Amino acid sequence: MAGVARVARQTAPLLARQAACSRQLAAVSLSGASRGFRAAALGGIKLRVGCTRRFSQSTDWRRSVAVPEVDRASSKLWKSADEAVADIKSGSVVLSSGFGLCGVASTLIAALRARGPESLHSLTAVSNNAGAEGRGGLALLTENGQIDRMIMSFLGSNKKLERQYLTGKIAVELCPQGTLAERIRAAGSGIPAFFTPTGGNTLVQQGAIPVRFDAEGNVVEYGRPRETRIFNGRPYLMETALPGDVAILRAWKVDKAGNCVFRYTTKSFAPLMAKAAKLAIVEAENIVEVGEIDPNEVDLPGIFVDRIVPATEPSQVEVLKTRSTGDDGRAAKSKGDAQIRRDRIARRAAKELKDGFYVNLGVGIPTMAPSFLPEGQQVWIQSENGILGMGDYPLPENLDPDIINAGKETTTLVPGAATFDSSESFSMIRGGHVDVSILGALQVSAAGDLANYMIPGKVFKGMGGAMDLVSNPDNTKIVVATEHVAKDGSSKVVQSCSLPLTGARVVSTIITDLCVFQVDRKRGTLTLTEIAPGVEVEEVKSKTDAAFTVADDLRVME
């Protein structure tokens, strides 16, 4: 399909659902923020959105599957992964831990694959992403035809899965990363549903993201519209718990009672998934006797673990990044025009980071900002896969496959750093404990609407943690750092976003290579406050789609 899903029709039930949905448009005030997503195209799919549905129902894809019984009196230790997965049933919901290839249960996945699609098929797999094509993770099962449905936050660059998705061979249900973690956590805690601000005023709220296509590229299943409720004047979406039949996870050390210790960023989803499954199987890099793990070191108590097998597959690195001694982690580049522009943006973005701030940085230009901090100034970089206190890329001799960043790259930890699971990470983010989040943008509007995860006509890769990162703009300042115009010359600063939104009225400051805008999110207006050296206001006007006013004390960007 060349990365593009072409749709000739929609099914009658979907049209009926959308028509019913339109009657509820007035239920929640969107304060004008819906302009950018009332009609959006996803690879040729016309998405009719912009309605709010108070209560929603959708066909339940879950099957009734017999789960192997757990004998509490028997030993939890199994001889091999092959034996431990031999009684897993087709149609099971499998919760698969890990982030990229970090912390993935490679031994158990290999054992599931070895059973073959004739013996084990029609699985629903829940994971942050689908592994690396041809290398590891759940990609080994999707390529083998054993998975029917994926529930995840990021499809990424897995081209084979992309083709399977677009040609109807597999359903892909995309879910914001923090919501995914919380749905799993809720399932393990006996909580059937919860309300979250993440995804408000987006296609997630509308249930307008395609889940399944047929072989011709027609949409045959969409996501479900979310019930919404107003708390403290803000709309929140109701998300339901996400339990599993089986959880597969990898731990660094496990005793024979099932108590687990995880190293660094391998924690991400593992403890959550073990708690949310009827049967939890852990592969252990080290199996020790009961009592050899100090109770203070236990990350996952044995009550949540049913089977233990030895890990026989080595840990893998998905994206290898290292630095040389004295290097700041980035290869030296000649200062061409493009790099000069990027440096200018990053240098100005660094001024948003005050000493002692907790910050989250998106990929690309935002990650350059700390390199422009004054000497002696420290900020604590948070990475949504479970790090507070992220450092530079490692020296080759210090590389650790269990320490990666949100881009799945190898990284390091600074003194005083902490690691934790994904639910705690997104508690920091949604709870407004992060001071500043700097993100890139495809478009940002005069009202502070942000679109940064999908371009119509191209495959939808997934939102990852971006929707969560902008979910509390009153407590976490959202800064956009981006070049002023796109590669085709079109303005990225627009009056109203035409691309699907990541968040509505969330951005407070826009930093480009030409200027700085301050956003009045309540009034929906822009003010030009700084201008780059050698740039005139008329040039900014000619390259900006959005209307703006000029500050009386217009300053020059440093």
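Just so it is clear, the structure is predicted and the values come from calculations on it, not from any experiment.
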Flag if over 12 foreign heavy atoms under 6.0 Å of NZ, K169 | no
Can you find a side-chain donor-acceptor pair between T502 and N452 that sits under 3.5 Å?
-> yes
Exam field: side chain D148 to backbone T124, donor-acceptor pair closer than 3.5 Å | no
Straight-line distance of N129 CG to F154 CZ, nearest 0.5 Å = 8.0 Å
Honestly, is R234 close enough over F231, meaning NZ or CZ under 6.0 Å from the six-membered ring centre and within 45° of the axis?
-> no
So which heavy atom on L95 is nearest to which on A276, and how close?
-> CD1-CB, 3.8 Å
Closest non-hydrogen atoms of A441 and T482, given as atom of the first, atom of the second and distance, are O-OG1, 3.5 Å
Answer yes or no: is there a side-chain heavy-atom contact under 4.5 Å between I381 and P370?
-> yes
Quick one: does L155's side chain get under 4.5 Å of M150's, heavy atoms only?
-> no
Can you measure from NZ (K278) to CG (D245) and round to the nearest 0.5 angstrom?
-> 5.0 Å
Establish, from distance only, whether the side-chain atoms of Q177 and D468 form a donor-acceptor pair under 3.5 Å.
-> no
Begin from the C-alpha positions of I511 and E352 and carry the test side chain to side chain contact (heavy atoms under 4.5 Å, CB included) through to its verdict.
-> CA-CA 10 Å; I511 302 169; E352 301 292 325; 4.2 Å; yes
Determine whether I191 and E182 make a side-chain contact, defined as any pair of heavy atoms from C-beta on separated by less than 4.5 Å.
-> no
Do any N or O atoms from the side chain of S427 and from the backbone of S423 form a donor-acceptor pair under 3.5 angstrom?
-> yes
With the threshold set at 4.0 Å, does a side-chain nitrogen-carboxylate oxygen contact exist between R149 and E173?
-> yes
Take atom CG in D488; do more than 12 heavy atoms of anything else shown fall under 6.0 Å from it?
-> yes
S127 side chain vs S96 backbone, donor-acceptor pair below 3.5 Å = yes
Taken to the nearest 0.5 Å, the spacing of L123 CG from T142 OG1 works out to 11.0 Å
Contact check, side chains of F99 and T265, non-hydrogen atoms, under 4.5 Å = no
Q146 and P117, any side-chain heavy atoms less than 4.5 Å apart = yes
Could you walk me through whether L112 and L120 pass the side chain to side chain contact (heavy atoms under 4.5 Å, CB included) test, one step at a time?
-> CA-CA 8 Å; L112 292 171; L120 185 65; 3.5 Å; yes
Under 3.5 Å, is there a donor-acceptor pair between the side chain of T410 and the main chain of K321?
-> yes
Look at the side chain of Q518 and the backbone N and O of T529, then say whether any donor-acceptor pair between them is shorter than 3.5 Å.
-> no
So do the side chains of C102 and T266 get within less than 4.5 Å of each other, counting heavy atoms only?
-> yes
Heavy-atom nearest pair, N385 first then I404, reads ND2-O, 2.9 Å
When you look at F420 and L388, which way does the side chain to side chain contact (heavy atoms under 4.5 Å, CB included) test go after all the steps?
-> CA-CA 8 Å; F420 31 82; L388 184 64; 3.7 Å; yes
Examine distances only and state if a side-chain atom of N405 and a backbone atom of S383 form a donor-acceptor pair shorter than 3.5 Å.
-> no
Do the side chains of M463 and V204 get nearer than 4.5 Å, heavy atoms only?
-> yes
Might you point out which heavy atoms bring G432 and T476 nearest each other, and give the distance in Å?
-> CA-OG1, 3.5 Å
Using ring pair (Phe, Tyr, Trp, His ring centres under 6.0 Å) as the criterion, list what pairs up with F548, not counting sequence neighbours.
-> F517
When you check the side-chain N and O atoms of K267 and T419, is any donor under 3.5 Å from an acceptor?
-> yes
When rounded to the nearest 0.5 angstrom, what is the spacing between OG in S445 and CD1 in I510?
-> 7.5 Å
Would you please say whether a donor-acceptor pair under 3.5 Å links the side chains of T228 and Q205?
-> no
Is there a donor-acceptor pair under 3.5 Å between the side chain of N472 and the backbone N or O of R430?
-> yes
Between the main-chain N or O of H121 and the side-chain N or O of S90, is there a donor-acceptor pair closer than 3.5 Å?
-> yes
Mind listing the closest non-hydrogen atom pair of A369 and A350 along with its distance?
-> O-CB, 3.4 Å
Do you know which two heavy atoms are closest between A132 and L101, and how far apart they sit?
-> N-CD2, 3.9 Å
Per side-chain contact (heavy atoms from CB on, under 4.5 Å), V126 is matched among L180, V94, L138 by L180
Step by step, would you call K461 with E162 a side chain to side chain contact (heavy atoms under 4.5 Å, CB included)?
-> CA-CA 9 Å; K461 297 294 186 183; E162 177 183 302; 2.8 Å; yes
Mind checking salt bridge (Lys or Arg N to Asp or Glu O under 4.0 Å) for R341 and listing every partner two or more places apart, or none if nothing turns up?
-> E483, D513
Counting distance only, does the side-chain N/O of T512 pair as donor-acceptor with the main-chain N or O of H484 below 3.5 Å?
-> no
Are R135 and E133 close enough that some pair of their side-chain heavy atoms sits under 4.5 Å apart?
-> no
Check for a donor-acceptor pair, side chain of R183 on one end and backbone N or O of T240 on the other, with a separation under 3.5 Å.
-> yes
Once you round to the nearest 0.5 Å, how far does NZ of K275 lie from OG of S189?
-> 7.0 Å
Check: E216/N218 side-chain N/O donor and acceptor closer than 3.5 Å | no
Measure the CG-CD1 distance between L140 and I109 for me, rounded to the nearest 0.5 Å.
-> 6.5 Å
